[in-house]
2 protein chains.
Amino acid sequence: MPDVNFSNPASNPDSRAAEARAAAARDGDLRWDIIELLFFAYRDFVGDADHELEAFGFGRAHHRVLHFVYRYPGLKVADLLDVLRITKQSLGRVLKQLLDEGYIVQKTGNNDRRQRLLFATAKGEALVGRLAGLQTTRINRALADLAPDDAETVRRFLRAMIDRDDPDKVLETIFKTGPATKKD
Amino acid sequence: MPDVNFSNPASNPDSRAAEARAAAARDGDLRWDIIELLFFAYRDFVGDADHELEAFGFGRAHHRVLHFVYRYPGLKVADLLDVLRITKQSLGRVLKQLLDEGYIVQKTGNNDRRQRLLFATAKGEALVGRLAGLQTTRINRALADLAPDDAETVRRFLRAMIDRDDPDKVLETIFKTGPATKKD
DNA sequence: AATTTACGTCAGGCATGTTGACATATCTTG
DNA sequence: CAAGATATGTCAACATGCCTGACGTAAATT
């Protein structure tokens, strides 16, 4: 029989002094509910893919790389670094695995022979497609509870949550297509 | 002058064989747009807090612990493990730091003296409040672009994205409050 | 010819997660 | 009360994914 009280934040033994502080003044204005919902929703959303990836000996990092390479064929290594916001060294390891195991191929750039343009192979497409399928199922299930045009509201909310100060190339293409884009 | 083509997924040199596969059949039905928007939105959303946490020598793990302890005062260690879905050992390290540095206090349970109920101190509340403030600013900015009741649509979407098979205690309380809950 | 750019790689380190085993205090139950 | 279950803490060892800094090489630009 658990006796957790789950009472209101203000009623805890050590916060009497803090009640006069930000709590009373600002706490009620904070979006605690959405903050928590985002945490749980994203946890379960990526959990779909994480679970499947285990069977391949891959992690979340592999998924991200494969996803963006599939979605934006001919992506350069430098572009990928911009999008994922990780270092060359971190990317190097997972990219090497994906190349070695045949999920991605490199192709020397036509104009600039220094570049290694990245493409997903059929094997890579199959994997990323299966992962997107799992996540799509979850999204469709969630949208099914809502009105038809609420999907567009969700899209607009998510777009507005994204920083637009220094958009990388992928983000530019995402935002270039008007806010009313249905699917891709 | 970059020469990335950013063409359609299907037009890549190694995927001819795959076109007949899932691509043509299912690719168009996948929610690529929302999948990517969720990635970028969550990246920037947690980025707000990550940046601030650096100044304290803390990471995302500390934030999560402090958040749930503040929000659900008297949370037991076991409850925290359920919510965060990590092991006792992982939690132990960050929790110890938060205790040592005075962001959280323990209190022996009244009914069950084995339990260590967790509470945020004033110092802990100040930090978690500042972090929630940053994230709230982003959420409010995003919602400002939408119609007033669209906030409820977003909440309902996020709720529906969450697994409800084995809800832990925190999730139970979140779902117990009706879907129309405004703020906490 | 000199510099810059795109990419790769080596060495070492930190944070966060894991499994498995074990210890201690406390509650519950036969 | 004795025996077992529960809540928590801790030790050792390890994996992953991230980091900084330095260096090398090929190809483009100036």
What contact category does A:Gly59 fall into here, base, sugar-phosphate, or nothing, at under 4.0 angstrom with non-hydrogen atoms?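 Sugar-phosphate, backbone atoms only, no base.
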
Closest-nucleotide mapping onto DNA chain D: is A:Arg85 or A:Gly57 further toward the 5' terminus? I mean the 5' end.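 It is A:Gly57 whose nearest nucleotide is closer to the 5' end.
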
Using whole Å, report how far NZ of B:Lys76 lies from P of C:dA25.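 Computing the B:Lys76:NZ to C:dA25:P distance gives 20 Å.
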
Would you classify A:Lys88 as touching base, sugar-phosphate or nothing, given that sugar-phosphate means primed atoms plus P, OP1 and OP2, and contacts are heavy atoms under 4.0 Å?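 Result for A:Lys88 = base.
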
Would you classify B:Arg60 as touching base, sugar-phosphate or nothing, given that sugar-phosphate means primed atoms plus P, OP1 and OP2, and contacts are heavy atoms under 4.0 Å?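 The answer is sugar-phosphate, as B:Arg60 gets under 4.0 Å only of primed atoms, P, OP1 or OP2.
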
Base of C:dT5 paired with side chain of A:Arg114 (donor-acceptor, under 3.5 Å):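 Check passes, donor-acceptor contact within cut-off.
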
Between P on D:dA7 and CG on B:Leu117, what's the gap in Å once rounded to a whole number?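 After rounding, the reported distance stands at 13 Å.
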
For the base of D:dG9, is there a side-chain donor-acceptor partner from B:Gln106 under 3.5 Å away?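 It does not, because no donor-acceptor pair links the side chain of B:Gln106 to the base of D:dG9 below 3.5 Å.
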
Check whether the side chains of A:His67 and B:Glu36 place a donor and an acceptor atom closer than 3.5 Å, and report yes or no.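 The criterion, which ignores hydrogens and geometry beyond distance, is satisfied for B:Glu36 and A:His67.
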
Kindly check if the number of other-residue, nucleotide or ligand heavy atoms within 6.0 Å of CZ (A:Arg141) is above 12?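 Enclosed: over 12 neighbouring heavy atoms sit under 6.0 Å from CZ of A:Arg141.
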
Given C:dT16, D:dG17, C:dC27, which nucleotide is nearest the side-chain atoms of A:His62?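 So the side chain of A:His62 is nearest to D:dG17.
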
Hey, which sits more toward the 5' end of DNA chain D by its nearest nucleotide, B:Gly92 or A:Phe58?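 This one resolves to B:Gly92.
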
Return the value, rounded to whole Å, for the distance between atom CD of A:Gln115 and atom C1' of C:dG8.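 Atom-to-atom, A:Gln115 to C:dG8, this comes out as 15 Å.
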
Over how many whole Å does the gap from A:Arg93 atom CZ to D:dT20 atom C1' extend?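 In whole Å, D:dT20 C1' lies 13 Å from A:Arg93 CZ.
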
Hey, which of these two, A:Arg116 or B:Ala61, hits DNA chain C nearer its 5' end, going by closest nucleotide?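 First, find each residue's nearest nucleotide; the 5'-ward one identifies A:Arg116.
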
Expressed in angstrom and rounded to an integer, what is the separation of B:Lys96 atom NZ from D:dG9 atom C1'?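 In whole Å, D:dG9 C1' lies 11 Å from B:Lys96 NZ.
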
May I have the distance from A:Asp50 (atom CG) to C:dG17 (atom C1'), rounded to whole angstrom?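 The distance from CG of A:Asp50 to C1' of C:dG17 comes to 12 Å, rounded to the nearest Å.
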
Taking any heavy-atom pair under 4.0 Å as a contact, classify B:Gln97: base, sugar-phosphate, or nothing.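 Answer is nothing: B:Gln97 stays at 4.0 Å or more from every strand.
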
Want to settle it: does B:Gln89 or A:Leu99 sit nearer the 5' end of DNA chain C, counting the closest nucleotide to each?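 The residue mapped nearer the 5' terminus is A:Leu99.
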
Ignoring hydrogens and angles, tell me if any N or O in the side chain of B:Asp44 forms a donor-acceptor pair with the backbone of A:Asp163 under 3.5 Å.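 Here the side-chain-to-backbone pair exists.
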
OP1 or OP2 of C:dT18 sitting under 4.0 Å from any side-chain N/O of B:Ser90?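 B:Ser90 to C:dT18 OP1/OP2: side-chain N or O found under 4.0 Å.
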
Between B:Phe39 and A:Phe68, is the gap from one ring center to the other below 6.0 Å?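 They qualify: ring centres under 6.0 Å apart.
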
Presence of B:Thr87 side-chain N/O under 4.0 Å of C:dG17 phosphate oxygens OP1/OP2: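 Answer is no, no contact under 4.0 Å.
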
Length of the CG-C1' vector between A:Leu80 and D:dG17, whole Å: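 These atoms are roughly 15 Å apart.
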
Interatomic distance, A:Arg43 CZ vs C:dG17 P [rounded to whole Å]: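 These atoms are roughly 13 Å apart.
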
Is the A:Phe157 to B:Phe157 ring centre distance short of 6.0 Å?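 When the ring centroids of A:Phe157 and B:Phe157 are compared, they turn out to be at least 6.0 Å apart.
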
Test B:Arg156 against A:Asp145 for salt bridge (charged side-chain N to carboxylate O under 4.0 Å, His left out), laying out the working first. CA-CA 8 Å; B:Arg156 288 203 293 142; A:Asp145 295 351; over 6 Å; no

